[in-house]
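Working notes for the structure below.
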Amino acid sequence: MHTQAESRLQSEVLEDLRGARHYRRWLVRLVSPYLGEDPIEFGSGIGDYAAELAVGRRRFTATEPDPDRYAALAARFADDPVVQVRQLELPVPEVEGQTKEHTGAVLLNVLEHIADDVAALRSVAGMVRPGGAVVVFVPAFPGAMSRFDRLIGHYRRYTRASLTDAMTAAGLTIERLHYVNSVGLISWFLLMRCCRMIPRDTLALRTYDATVIRSVAWAEQRFRPPFGQSVLGVGRVQG
């Protein structure tokens, strides 16, 4: 469980980063092809990713453990015919008779907030049909752990190896796993790790999003960098 201060700062940052539209759309393009027609997202926050990921699907389940963000999420999608909202915290307790109803699951910058990441991934996999994908996007490199990471309740940052270990231990078969946003790691290390900043919605951020992020996203469609600000992992649920 996060403290009230951690939850409040998370909500403030989520609001502040809403203007990073190109970054958000880049992530949506990366994860969307694996989710199928009836996926579930864990840690949906205020629903900005859910709104884009739900487009064209039969059903999309958005979840959030924090009471205030859950209330905002439920209000946002109250009249949406596709998006259903649930209040869930990972790991999800096992429920007798619970079915593997979802075609896929996605966790965007969520797993690093959970003490027992393997148990969390195992419970996520328990809600996905055999053959479906569990898509995980997490911050990369323990050496980039910053004051901001700790302020918002991050237990860890990952490498390719450590995310592989966690997903494999949860019973998932790795299909895709690589670093994302090479330039972002350098920026993060300098601004967050060295200068101890907190990301905010500024003209500099929006300009960076519209120029650098667009260029990096284009370049990383063509090659996979040896390092990055984040790690993307796709694992399949076994039958």
Side-chain angles (χ1 to χ4, degrees), residues 26-45 49-50 52-65 82-142 154-180 220-221 224-226 228 230-239:
W26 181 16
L27 264 61
V28 168
R29 290 196 303 271
L30 285 173
V31 308
S32 187
Y34 297 97
L35 300 182
E37 64 176 10
D38 184 6
I40 183 169
E41 180 189 18
F42 291 90
S44 299
Y49 284 100
E52 298 197 29
L53 288 168
V55 174
R57 304 192 194 278
R58 180 174 62 82
R59 183 177 66 162
F60 187 93
T61 302
T63 75
E64 173 58 41
V82 174
V83 179
Q84 298 184 357
V85 177
R86 297 178 63 185
Q87 188 170 15
L88 286 178
E89 183 165 3
L90 290 173
V92 179
E94 289 190 19
V95 178
E96 187 175 351
Q98 179 172 286
T99 60
K100 292 175 168 282
E101 60 178 313
H102 297 286
T103 56
V106 60
L107 301 85
L108 297 172
N109 294 314
V110 169
L111 198 62
E112 66 274 14
H113 292 274
I114 301 169
D116 192 339
D117 55 352
V118 173
L121 287 170
R122 191 176 291 121
S123 68
V124 169
M127 301 177 72
V128 175
R129 300 172 194 169
V134 175
V135 184
V136 182
F137 190 83
V138 290
F141 290 105
H154 287 183
Y155 285 95
R156 67 193 76 80
R157 296 176 72 91
Y158 290 82
T159 62
R160 286 180 58 190
S162 63
L163 185 58
T164 297
D165 289 346
M167 296 180 74
T168 302
L172 297 166
T173 299
I174 303 297
E175 178 174 314
R176 176 180 182 182
L177 198 145
H178 61 85
Y179 292 114
V180 176
E220 292 188 12
Q221 284 182 327
R224 292 182 178 176
S230 304
V231 192
L232 173 69
V234 179
R236 293 287 174 183
V237 176
Q238 300 307 296

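Keep in mind the model is a prediction, meaning the values are calculated, not measured. Residue numbers run from 1 in the order of the sequence given.
- Note that the CG atom of L88 and the OG1 atom of T61 stand 9.0 Å from one another [nearest 0.5 Å].
- Heavy-atom minimum distance, A105 versus V124: CB-CG1, 3.5 Å.
- Expressed to the nearest 0.5 Å, how far CG of D165 lies from OG1 of T159 amounts to 7.5 Å.
- Heavy-atom minimum distance, P39 versus L35: CB-O, 3.5 Å.
- Nearest heavy-atom pair, L111 versus A120, reported as atom, atom and distance to 0.1 Å: CD1-CB, 4.1 Å.
- A 4.5 Å side-chain heavy-atom check between P226 and Y179 finds every atom pair outside the cut-off.
- Side-chain contact check for P91 versus R122: every heavy-atom pair is 4.5 Å or farther apart.
- Atoms CD and CG, from Q84 and D38 in turn, are 8.0 Å apart once rounded to the nearest 0.5 Å.
- Atom CZ in R236 sits 10.5 Å away from atom CE in M167 (nearest 0.5 Å).
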Q: Kindly determine whether I114 and Y155 satisfy side-chain contact (heavy atoms from CB on, under 4.5 Å), including the steps that lead there.
A: CA-CA 7 Å; I114 301 169; Y155 285 95; 5.6 Å; no
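- With R157 contributing its side chain and P142 its backbone, the two residues share no donor-acceptor pair below 3.5 Å.
- Among residues two or more places apart in sequence or in another chain, the salt bridge (charged side-chain N to carboxylate O under 4.0 Å, His left out) test is passed with E41 by none.
- Among the candidates L177, L108, V136, V31, the single residue satisfying the side-chain contact (heavy atoms from CB on, under 4.5 Å) test with L232 is V31.
- Panel note: side chain E175, backbone G235; no donor-acceptor pair is recorded below 3.5 Å.
- Taken to the nearest 0.5 Å, the CD1 atom of I40 stands 9.0 Å off from the CG atom of L107.
- Remark: the backbone N or O of G36 is paired with a side-chain donor or acceptor of R57 at under 3.5 angstrom.
- The NE2 atom of H178 lies 9.0 Å from the CZ atom of R160; values are rounded to the nearest 0.5 Å.
- Contact of the R129 side chain with the T103 side chain is registered, since non-hydrogen atoms from C-beta on lie closer than 4.5 Å.
- With contacts defined as side-chain heavy-atom distances shorter than 4.5 Å, the pair L30/R176 qualifies.
- Between H113 and H154, the ring planes lie perpendicular to each other; the angle is over 60°, past the 30° to 60° tilted range.
- Considering only heavy atoms from C-beta on, F42 comes within 4.5 Å of V92 through its side chain.
- L172 places a side-chain heavy atom less than 4.5 Å from the side chain of V237.
- Remark: the backbone N or O of Y158 is not paired with any side-chain donor or acceptor of S162 at under 3.5 angstrom.
- Looking only at distances, no side-chain donor or acceptor of E112 sits under 3.5 Å from a matching main-chain atom of R156.
- For the pair K100 and P130, the tightest heavy-atom approach, listed with the atom from each and the gap, is CD-CD, 4.0 Å.
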